[in-house]
Chemist: 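Below are the structure tokens for one structure; questions will follow.
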Amino acid sequence: MRNRRAVLAAIAGAASLALTLSACGQNSEGSSQSSSKGGTIGIAMPTQASERWITDGKSVVEDLKAKGYKTKLVYGEDDPKTQVSQIENLIKQGVDALIIAAIDNKSLNDVLQQAADADIPVISYDRLILGTKNVDYYVSFDNEMVGRLQARYIIDKLGLEDGKDGPFNIELFAGSPDDNNTKYFFNGAMALLQPYLDSKQLVVQSGQTALNQVTTLRWDGPTAQKRMTGILTKSYQSQKVDAVLSPYDGISIGILSALKSDGYGSGSKPLPVITGQDAELASVKSIIAGEQSQTVYKDLRHLAEVASNMADDLLKGRSPKVNDTMAYNNGAKAVPAYLLQPTSVDKTNYKDVLDDYYTAAELK
Ligand code: GAL
């Protein structure tokens, strides 16, 4: 098929070579030169309701501009149909490449066929787009590790490995069922938590332990708050919650509201250990205030930089750097990926880890 597809096919063939090279310490990151010609890159982000995606959009735009590209940034405001029509419009406007963080990972097949027909390469950003071969590269974090870091924190804080048998009560929350990352976060966490559930050192009083019982549509905080309130009413009349596995800061804030309304965080009812993800400002402040316990920091500026380098490489006929060619199969193919490492953050290390992410004034 036309030129760019042929180039992409050749590049995909070279992906394993690139992987070998990167394993040997070669680094194509940051090697791209500014181009006055550039082109236009369409960036479709999921929502402005969460601070992280605003940072993502801004960072990708800045990086691409610095490389000489024009950008068109759109936000689908968590509505899959809106996102599809936004991407359709970007294709009609003749963008040269697309960087997409999907709202519903299965809703983009038709529109990505249109992109393929127009020879527009597609980079799946943070969330893997499923069920289509028309996604060329994936950039994200080690999503399973995110879940592991959350579970590890709970295990350490409850002292489960130090002979504290409990039993401790834990409730489980997961992300949006239409986001491919959700099962990676959840499975990563459960890989560490399951042995303690089996030994009954951890007990889920609500009985809700299956992924399809604990998801939170569109990662919505108020939805999580409602579920937590229901659980507290039903299952914790005479018990107290010791830990909550939360996959994302917006959900953690919702859960904290439910807990505080139920009297947690005062007197004899301390707040449980509660995890999170994204190091959003409200959650970092909550950690400093001793409410949320932990979050998982993912440097979005770095994610944006890798995505921008990938787009630049693709448009210049170079092979983007990848470090994983197996882990992320989208049902149509294994999508070559570059995965970054997440970091666990709590009250003890936030100053060091988030030093150049937030200013001291922002954290006040
Ligand atoms: C996921 C992402 C998380 C979090 C969540 C809600 O796809 O990997 O970091 O941002 O969406 O926005």
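Remember, it's 1-based here, ligands and their atoms both numbered in the order they're listed. Just so you know, these numbers come straight off a predicted model, no measurement behind them. Count residues from 1 along the sequence.
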Chemist: side-chain hydrogen bond (donor to acceptor under 3.5 Å, both in side chains) with Y328: which residues, sequence neighbours excluded?
Modeler: N143
Chemist: Excluding sequence neighbours, so at least two apart, what forms salt bridge (charged side-chain N to carboxylate O under 4.0 Å, His left out) with K200?
Modeler: none
Chemist: If you round to the nearest 0.5 Å, how far is CD of E291 from OH of Y264?
Modeler: 14.5 Å
Chemist: As a quick check of understanding, evaluate side-chain contact (heavy atoms from CB on, under 4.5 Å) for Q150 and L245, giving each step before the final call.
Modeler: CA-CA 7 Å; Q150 291 160 344; L245 173 72; 3.8 Å; yes
Chemist: Quick one: ring pair (Phe, Tyr, Trp, His ring centres under 6.0 Å) partners of Y248, sequence neighbours excluded?
Modeler: W219
Chemist: Quick check on ligand 1: any N or O pairs to the protein under 3.5 Å? One line per pair.
Modeler:
| residue | atom | partner | partner atom | Å |
| --- | --- | --- | --- | --- |
| ligand 1 | 7 (O) | R127 | NE | 2.7 |
| ligand 1 | 7 (O) | D179 | OD2 | 2.6 |
| ligand 1 | 7 (O) | N181 | ND2 | 3.1 |
| ligand 1 | 8 (O) | D126 | OD2 | 2.6 |
| ligand 1 | 8 (O) | N181 | ND2 | 3.0 |
| ligand 1 | 8 (O) | K298 | NZ | 3.1 |
| ligand 1 | 9 (O) | R52 | NH1 | 2.7 |
| ligand 1 | 9 (O) | Q277 | OE1 | 3.4 |
| ligand 1 | 9 (O) | D278 | OD1 | 2.7 |
| ligand 1 | 9 (O) | D278 | OD2 | 3.4 |
| ligand 1 | 9 (O) | K298 | NZ | 2.8 |
| ligand 1 | 10 (O) | R52 | NH1 | 3.2 |
| ligand 1 | 10 (O) | D278 | OD2 | 2.6 |
| ligand 1 | 11 (O) | R127 | NH2 | 2.9 |
| ligand 1 | 12 (O) | W53 | NE1 | 3.0 |
| ligand 1 | 12 (O) | R127 | NH2 | 3.4 |

Chemist: Hydrogens and angles aside, do K106 and N109 bring a side-chain donor and acceptor to less than 3.5 Å of each other?
Modeler: no
